[in-house]
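Below you'll find the structure, written out as structure tokens, and then a few comments.
As the structure is a prediction and not an experimental result, all values here were calculated from the model.
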Amino acid sequence: MIDLSFLAGQRIAVMGLARSGLAAAIALARGGAEVLAWDDAEAGRTAATAAGLPLTDLHRADLTGVTALVLSPGISHTFPAPHPVAARVRAAGIPIIGDVELLRRARPEATYLGITGTNGKSTTTALTGHILATAGRRLQVGGNLGTPVLTFDALGAGDVYVLEMSSYQLELTPSLGFDAAALLNITPDHLDRHGGMDGYVAAKRLAFRPAPSPRPALPVAVIGVDDAHCAAMADALEAEGGRRVVRISAERAVAGGVSAPDGVLVDDSEGRALAVLDLRDCPSLPGRHNWQNACAAYALARAAGVAPDAIAAAIRSFAGLAHRQQAVATIDGVRFVNDSKATNADAAAKALGCYDAIHWILGGKPKEGGLEGLDAFMPRVRHAFLIGAATEEFASWLAARGVPHTRCGTMETAVPTAFRSALAGGEPGAVVLLSPACASFDQYPNFEVRGDHFAKLVEAMKEAGR
């Protein structure tokens, strides 16, 4: 756990006691801070009590002498309305920060690599960590990816923290200043939390804010330029100066950048258009969106000093990320793919574009926009199998497009029904694809549990000989 003893004696509030918040409260207490910990949910309060932390109701507590509020990123502090505790703290003139801010202040000498974007963050973060680990670097990987940053080992000069950063986390980390940061893409998401698209884009731009103190090298901004928002940001940052901008693309060659328009990763950062590896030979990175992820991870690893041939070897050995187009099994020629992390339509599109003869399991708690933007992929879908709260909304959308579909309700029904459909179709390369295009919270606590349930049902069918 990160040593926060530099905050000993300070009075610090912590609001939200899920994974990252609880870790922050524990680290602060161990470091000698006076911690005022609270969660509106009983589960969070119970976890804090079990960890030996006293509870303080921050809705009513005396805030005299409090030097900061460490706010869990899922709690609103601005739009659509600030949480009452956040509003109370801000009115008192107390800074609102996140756990990554504490890490950055505690370990300023380490190297920081950051990854953000609407989609692809987790794969790119895991791939970047894999490349650096394969190259023998000492590192820790986490943040929005799942591991609370204050549970990390303490790293020093030459060591690397690889952090997946959500837009919420970026807003709560004023001292971050990445040595190299990647922005993959921007499509509409979380707009209610940022007051609209302009606010969301502005939050993503925070990945490129300058460090609070001089760094040993010019910071690097790796930016995917396959969407208009990011392309404009790359131009603006380059004009602003103070950093090296590396453009990446999976759609076209980019002068001075890294690209893979035909699946071959090309590094033109030194003007030599070096063909590094053929990503079409990497089964754990299927599809153009994963080519973009690989370009970003490559550029970050180069910024961290890893040689091109070492990066190529590491990418070839990457096993992929759980719940992101994860191959679960093949039964009687039918492949089962777990893409549970596709919690919106844009993410589901990435998987739908990778396969033909798709038997598609989708549904859950629908997001704004539903299945908007997926029309072009429907000729690939042989049959759709609906689960969860989105069933009727999605059934109407599919019916309007002539897509055969079955209301299954639950995963237990959907998996064997989809398998029977794939077998009956008899098409080579048939895929049962779980890519829900929805949040999981109607039937599951998170997308991981949803994906694990899918995988367990598939494995049970395999063991039972169907």
Side-chain angles (χ1 to χ4, degrees), residues 18-19 41 43 47 74 119 121-123 126 144-147 164 284 286 319-352 354-355 357-367 370-371 374 381-395 398 405-423 430-466:
R19 286 186 296 186
N119 293 303
K121 297 186 295 294
S122 296
T123 296
N144 193 60
L145 186 62
T147 304
E164 178 186 329
S284 64
L321 187 68
H323 312 295
R324 170 55 82 193
Q325 292 193 60
Q326 178 186 14
V328 174
T330 299
I331 306 175
D332 292 347
V334 176
R335 286 185 293 165
F336 291 81
V337 177
N338 169 18
D339 194 44
S340 181
K341 199 174 188 299
T343 58
N344 58 40
D346 189 62
K350 305 300 190 294
L352 291 169
C354 290
Y355 311 101
I358 299 170
H359 299 262
W360 183 23
I361 299 175
L362 73 158
K365 183 178 180 181
K367 289 191 173 181
L371 300 178
L374 297 183
V381 176
R382 300 297 180 263
H383 203 106
F385 304 88
L386 296 161
I387 63 173
T391 292
E392 294 308 318
E393 176 186 337
F394 285 8
L398 293 163
H405 55 278
T406 300
R407 294 170 174 83
C408 293
T410 65
M411 195 77 76
E412 288 92 343
T413 300
V415 171
T417 305
F419 181 45
R420 288 193 294 270
S421 172
L423 287 177
V431 174
V432 173
L433 172 67
L434 170 66
S435 193
C438 281
S440 60
F441 305 130
D442 57 337
Q443 295 178 322
Y444 300 94
N446 52 53
F447 72 82
E448 294 97 336
V449 173
R450 177 172 63 189
D452 287 342
H453 188 203
F454 171 80
K456 287 176 183 175
L457 291 168
V458 173
E459 289 298 331
M461 284 196 313
K462 186 176 182 180
E463 290 175 6
R466 299 187 284 128

Completion exercise
Nearest heavy-atom approach of Pro366 to Cys438 is CA-SG, 3.7 Å

Fill in the blank from the handout: Interatomic distance, NZ@Lys341 vs CG@Leu321, rounded to 0.5 Å, equals 7.0 Å

Problem - Close side-chain approach of Met461 to Phe336, heavy-atom, < 4.5 Å - result: yes

Problem - Those residues that, when tested against Thr406, pass side-chain hydrogen bond (donor to acceptor under 3.5 Å, both in side chains) (two or more places apart) - result: His383

Practice task
With sequence neighbours left out, write down each residue that passes side chain to side chain contact (heavy atoms under 4.5 Å, CB included) with Ala345, or none if nothing qualifies.
Solution key: Leu374

Handout entry: Glu412: side-chain hydrogen bond (donor to acceptor under 3.5 Å, both in side chains) partners, not counting sequence neighbours
Key = Thr410, His453

Practice task
May I ask you to test the Arg324-Asp339 pair for a side-chain heavy-atom distance under 4.5 Å?
Solution key: yes

Problem - Partners passing salt bridge (Lys or Arg N to Asp or Glu O under 4.0 Å) against Arg407 (at least two apart in sequence or in another chain) - result: Glu392

Problem - Atom of Glu393, atom of Gly370 and distance for their closest heavy-atom approach - result: OE2-CA, 3.8 Å

Handout entry: Atom pair CD1/CD1 of Ile387 and Ile361 - distance to nearest 0.5 Å
Key = 7.0 Å

Practice task
Describe, in one word, how the ring planes of Phe447 and His323 are oriented to each other, choosing from parallel (under 30°), tilted (30 to 60°) and perpendicular (over 60°).
Solution key: perpendicular

Problem - Under 3.5 Å donor-acceptor, Asn338 side chain and Ala455 backbone - result: no

Handout entry: With sequence neighbours excluded, residues passing side-chain hydrogen bond (donor to acceptor under 3.5 Å, both in side chains) with Arg335
Key = none

Problem - Contact check, side chains of Gln326 and Phe454, non-hydrogen atoms, under 4.5 Å - result: no

Problem - Side chains of Met411 and Leu434 in contact at under 4.5 Å (non-hydrogen atoms) - result: yes

Practice task
Please test Val432 against Val328 for side-chain contact (heavy atoms from CB on, under 4.5 Å), starting from the C-alpha separation and ending with a verdict.
Solution key: CA-CA 10 Å; Val432 173; Val328 174; over 6 Å; no

Exercise for the section: Please name the pair of heavy atoms, one in Ser440 and one in Arg450, separated by the smallest distance, quoted to 0.1 Å. Expected result: CA-NH1, 3.5 Å

Exercise for the section: Give a yes or no answer on whether the side chain of Gln443 reaches the backbone of Gly409 with a donor-acceptor pair at less than 3.5 Å. Expected result: yes

Handout entry: Thr413 to Thr417 - nearest heavy-atom pair and separation
Key = O-OG1, 2.6 Å

Handout entry: Listed partners of Asn119 passing side-chain hydrogen bond (donor to acceptor under 3.5 Å, both in side chains), at least two apart
Key = Asp346

Problem - Closest contact, heavy atoms only, Val458 versus Ala329 - result: CG1-CB, 3.9 Å

Fill in the blank from the handout: In this structure, CG of Leu386 is separated from NE2 of His405 (nearest 0.5 Å) by 6.5 Å

Completion exercise
Distance col, row Ser340:OG vs Asp452:CG, nearest 0.5 angstrom, shows 8.5 Å

Problem - For Leu362 against Ser435, the heavy-atom pair lying closest together - result: CB-O, 3.9 Å

